Number of protein chains: 2
Amino acid sequence: MASVEKVFEALASAHRRRILAYLSKTDMTAGEIGERFAGIMSQPAISKHLSVLEHAGVVWRQKRGMNVHYGLNEDALSGTLVHFLAEVCPVGRPLKRESAAAARRKRVALGEPEAEVPETARLARKKS
Amino acid sequence: MASVEKVFEALASAHRRRILAYLSKTDMTAGEIGERFAGIMSQPAISKHLSVLEHAGVVWRQKRGMNVHYGLNEDALSGTLVHFLAEVCPVGRPLKRESAAAARRKRVALGEPEAEVPETARLARKKS
DNA sequence: TGCCTAATTAACTTTGGAGTTATATCGTTA
DNA sequence: TAACGATATAACTCCAAAGTTAATTAGGCA
């Protein structure tokens, strides 16, 4: 599974996103995190979430004595999301080419000029 | 379920991210999308994915005659992700990271070997 | 060594997402 | 109105994620 896949899978869980938020100001031990979410989920559950986050690369993990410290890995997180936004989709480059070709075909079929249509104009036209 | 929840759930599926990519340059009918992914998934499956994407607000939907058109809703998509980054990553950092990510993307576009996610900082810093 | 604490792994159950085929809905057209 | 083409919904099956408790590993210390 590619890294981007893992990141989005990791972010798919609200519990994991809360853990990330909890790590946003400082790194913490698994125990401290478990304490914060006591009553919401068991400690093994948190351990598994942390494992998912680590394997996705959005947190780092460091054993120090008896404790295990976890911390946010901002580079991987914002890097992946910004990259995704720029590309709209990680594996999307070939698809984007197809999409562009389809757009061209449509414009020709409608008799529009060849010039690129500014995306902003198209987007501004539409309401969600 | 809050909007952010829905967006991340929508993005959790690789198939849905591919659909988003396919919509990145122009809007299309459900049929056109279904054609593109024929053999990968059935038409009802695509219909369900489109429904998920629409309810998350990342695509718009418009019925025109017999067809149903879908299109990317970039504002909702980037808005949610940027908001999430701002919330999780310490203040001030995201924009700097963005700029760094843009620089990396440019290098990749110029033919540098594929470095999917910039993990260099993390890997250099941490290793247990 | 033997015990205590921290964290992970094992083994299991439950739930929901994703896919399938079949059917219904809705607009168009003969 | 009947028939057709484009999408959506129904009614399932299947599998993997997420949770639980119990057992295991590993560090620190008497």
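Letters go in sequence order (proteins before strands), and every chain restarts at 1. Keep in mind the model is a prediction, meaning the values are calculated, not measured.
- Rounded to whole angstrom, the span from the CZ atom of A:Arg18 across to the P atom of D:dA18 amounts to 16 Å.
- Taking 4.5 Å as the limit, some side-chain heavy atom of A:Leu23 sits within range of a side-chain heavy atom of A:Met28.
- Note: CZ (A:Arg61) to P (C:dA6) measures 16 Å, nearest angstrom.
- Listed by chain and number, the residues in a ring pair (Phe, Tyr, Trp, His ring centres under 6.0 Å) with A:Tyr70 amount to none (sequence neighbours excluded).
- Toward the 5' end of DNA chain C, the nearer of the two residues A:Thr29 and B:Ser13, judged by each one's closest nucleotide, is A:Thr29.
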Check: Step by step, would you call A:Met41 with A:His49 a side-chain contact (heavy atoms from CB on, under 4.5 Å)?
Finding: CA-CA 11 Å; A:Met41 26 183 345; A:His49 281 311; 3.0 Å; yes
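- Atoms CD1 (A:Ile33) and C1' (C:dT8) sit 14 Å apart, rounded to a whole Å.
- Residue A:Tyr70 places none of its side-chain N or O atoms closer than 4.0 Å to OP1 or OP2 of C:dA6.
- Within residues 37-51 of chain A, the residues approaching DNA chain C are A:Gln43, A:Pro44, A:Ser47, by heavy-atom distance under 4.0 Å.
- Distance NZ (B:Lys6) to C1' (C:dG17): 16 Å, rounded to an integer number of Å.
- Contact annotation: the side chain of A:Val68 never approaches that of A:Gln62 to less than 4.5 Å [non-hydrogen atoms, C-beta and beyond].
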Checklist line | Sequence-aligned protein contact record of nucleotides 24-30 of chain D, with B where the base is within under 4.0 Å of a protein heavy atom and S where only the sugar-phosphate is | finding: --SBS--
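- Listed by chain and number, the residues in a side-chain contact (heavy atoms from CB on, under 4.5 Å) with B:Ala38 amount to none (sequence neighbours excluded).
- Aromatic ring centroids of B:Phe8 and B:Phe84 lie under 6.0 Å apart.
- In this view, B:Ser51 and B:His55 satisfy the side-chain hydrogen bond (donor to acceptor under 3.5 Å, both in side chains) rule, not counting sequence neighbours.
- When the side-chain contact (heavy atoms from CB on, under 4.5 Å) test is applied to A:Ala12, the partners found at least two apart in sequence or on another chain are B:Ala12.
- For D:dT7, the OP1/OP2 oxygens have a side-chain nitrogen or oxygen of B:Asn67 closer than 4.0 Å.
- Regarding A:Phe8, its CZ atom lies at a distance of 18 Å from the C1' atom of C:dG17, rounded to whole Å.
- Comparing A:His15 and B:Ala30 by the nucleotide of DNA chain D whose heavy atom lies nearest to each, the residue mapping closer to the 5' end is B:Ala30.
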Checklist line | From CA spacing to verdict: side-chain contact (heavy atoms from CB on, under 4.5 Å), B:Tyr22, B:Glu32 | finding: CA-CA 10 Å; B:Tyr22 196 50; B:Glu32 290 171 318; 5.6 Å; no
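- A straight line from CE of A:Met28 to P of C:dA7 spans 13 Å, rounded to a whole angstrom.
- One can place CD1 of A:Ile19 at 13 Å from C1' of D:dG19, the figure rounded to the nearest angstrom.
- Atom-to-atom, CD of B:Glu9 to C1' of C:dA18 comes out at 11 Å; the value is rounded to the nearest Å.
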